[in-house]
Number of protein chains: 2
Amino acid sequence: MQDILFDFLSKYITLTEEEKNSILSLDIFHSIKKGTILLKEGQRTKESYFVLKGCIRAYYVIDGEEKTTAFYTEMEGLTPPCVISKTPSEYYVSCMEDNILIISNSDMEVAVNGKFPKFETLCRILSEELLAKQRIDFDSFKTSSPEQRYLNLIQNRPDLIQRVPQHQLASYLGIKPQSLSRLRARILEKKS
Amino acid sequence: MQDILFDFLSKYITLTEEEKNSILSLDIFHSIKKGTILLKEGQRTKESYFVLKGCIRAYYVIDGEEKTTAFYTEMEGLTPPCVISKTPSEYYVSCMEDNILIISNSDMEVAVNGKFPKFETLCRILSEELLAKQRIDFDSFKTSSPEQRYLNLIQNRPDLIQRVPQHQLASYLGIKPQSLSRLRARILEKKS
DNA sequence: CTGACTCGTTCACTTAAGTTAAGAAATATT
DNA sequence: AATATTTCTTAACTTAAGTGAACGAGTCAG
């Protein structure tokens, strides 16, 4: 389990045994059951989540309706905006599956960053990379139609279509479940 | 001019005179004429841009059509994804107005980060903050209609509506210029 | 086993965005 | 100043998404 994490980190920085042990001593690995809600609207938290196994979802409740805006799967991490802005959360985070997560909190990160500058470099690189990736996702969302977005999703994250209920996928694509259903039928139609 | 920058930075970290001079010696301030294209599709670059005065725009050319995805105005900065991924750029960046920009390049940043750990902290904090802000923008885009997006824009960046041509605003909102025109007429209709 | 609920799909209808075209208004060019 | 060119708006028509309702399949709880 730790190996998965350290393999991932080794792509960015080289850690000594001491540093690895320092991470492990923080007791950040957690098994979380499907359906668990990690964060609720209005709640204050300092926790970040990193998925080693499973899938978590971020969603808003607007006019009583769930609006899913993000899914995080293996080797993806989420620091809720409310952790950065130090305000109550605007959304929910819940577990789609039984998960193995790394849960860290920002106090902890500040402490570790102070002790090992290498971690600060790691955090900077990860943030910058994530920022660039998210920028591209946003641009692609803006410049394409719902149908094209769905086709892109099939290309880029085919697993999601299997793991996740259609109505959540729909709002992830910025449309209603009925429209996704119709759009899928339309695509099948075209293929034949 | 330098003061604008250091005032901004002072919100995040405290710099010594030595550190300030070290920044100034890099010769990063540039006056750039309206219409200048800072980055073209296919081009490789290591440059980041930070707007002290003016407005720059990022846009794709898809099927011969410009698709504007972002505007950056005073105290906003852009590191093109291609700088992070070290690949040719997928989009263009151009100047909407006569600008005063800070142009830095990533080699320079690596050097400064190595010399002053404080800069690394600054970069990390700015990236994390920007990531959170952009996440919220993306979520809000996904969960709202074109009309609502336009109303949000009036609330959040009223200056843009004045400074920027409608047809560029339209693609920024994910729609066609004609739709924006119609949508504006519809809103006026409702008000009366 | 049964009734309640969720989920995905389909349908008919409404609403809004895309498309194509035309023209007015503002800007830039010569 | 006259002529292009770009920008914005309007209109008619097409296409696709939103809405409300209904239905069957599967899931859950009593």
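Below, read A as the first sequence line, B as the second, and so on, with proteins coming before strands; counting in each chain starts at 1.
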Once the angle between the rings of A/Tyr92 and A/Tyr59 is folded into 0 to 90°, is it parallel (under 30°), tilted (30 to 60°) or perpendicular (over 60°)?
->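 Aromatic pair A/Tyr92/A/Tyr59 classed parallel.
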Would you mind reading off the distance between [X] atom [atom1] and [N] atom [atom2], rounded to a whole angstrom?
X: A/Lys176; N: C/dC13; atom1: NZ; atom2: P; answer: 22 Å
X: A/Arg149; N: D/dA17; atom1: CZ; atom2: C1'; answer: 11 Å
X: B/Gln166; N: C/dA26; atom1: CD; atom2: P; answer: 14 Å
X: B/Glu66; N: D/dT6; atom1: CD; atom2: C1'; answer: 12 Å
X: B/Leu183; N: C/dT15; atom1: CG; atom2: P; answer: 16 Å
X: A/Tyr150; N: D/dA17; atom1: OH; atom2: C1'; answer: 17 Å
X: B/Gln148; N: D/dG18; atom1: CD; atom2: P; answer: 15 Å
X: A/Arg182; N: D/dG18; atom1: CZ; atom2: P; answer: 8 Å

Looking at B/Ser179, does any N or O in its side chain come under 4.0 Å of the phosphate oxygens OP1/OP2 on C/dG18?
->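 Affirmative; the distance criterion is met.
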With respect to the phosphate group of C/dT6, does any side-chain polar atom (N or O) of A/His167 fall under 4.0 Å of OP1 or OP2?
->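 For C/dT6, OP1/OP2 do not have a side-chain N/O of A/His167 under 4.0 Å.
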How far does OH of B/Tyr49 sit from NE2 of B/His30, to the nearest 0.5 angstrom?
->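 Separation between the atoms: 10.0 Å.
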Taking all non-hydrogen atoms of both residues into account, name the closest pair between B/Met108 and B/Leu26 and its distance.
->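 Of all heavy-atom pairs spanning B/Met108 and B/Leu26, the closest is CG-CD2, 3.9 Å.
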Given that B/Lys34 and B/Gln178 both sit by DNA chain C, which one's nearest nucleotide is further toward the 5' end?
->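 So the residue in question is B/Gln178.
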Identify which nucleotide among [options] has an atom closest to any side-chain atom of [X], counting heavy atoms from C-beta outward.
X: B/Pro165; options: C/dA16, D/dC8, D/dT19; answer: D/dC8
X: A/Pro146; options: C/dG18, C/dT9, D/dA17; answer: D/dA17
X: B/Ala185; options: D/dT10, C/dG8, D/dT7; answer: D/dT10

Residues B/Arg57, B/Glu66: salt bridge by 4.0 Å N-O rule =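 The answer is yes: the pair qualifies as a salt bridge.
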Between A/Glu109 and A/Ser104, a side-chain donor and acceptor under 3.5 Å =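 Yes, because at least one side-chain N or O of A/Glu109 sits under 3.5 Å from a partner of the opposite role on A/Ser104.
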Just call it for A/Pro177: base, sugar-phosphate, or nothing, with non-hydrogen atoms closer than 4.0 Å on any strand.
->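 The residue A/Pro177 makes no contact with any strand.
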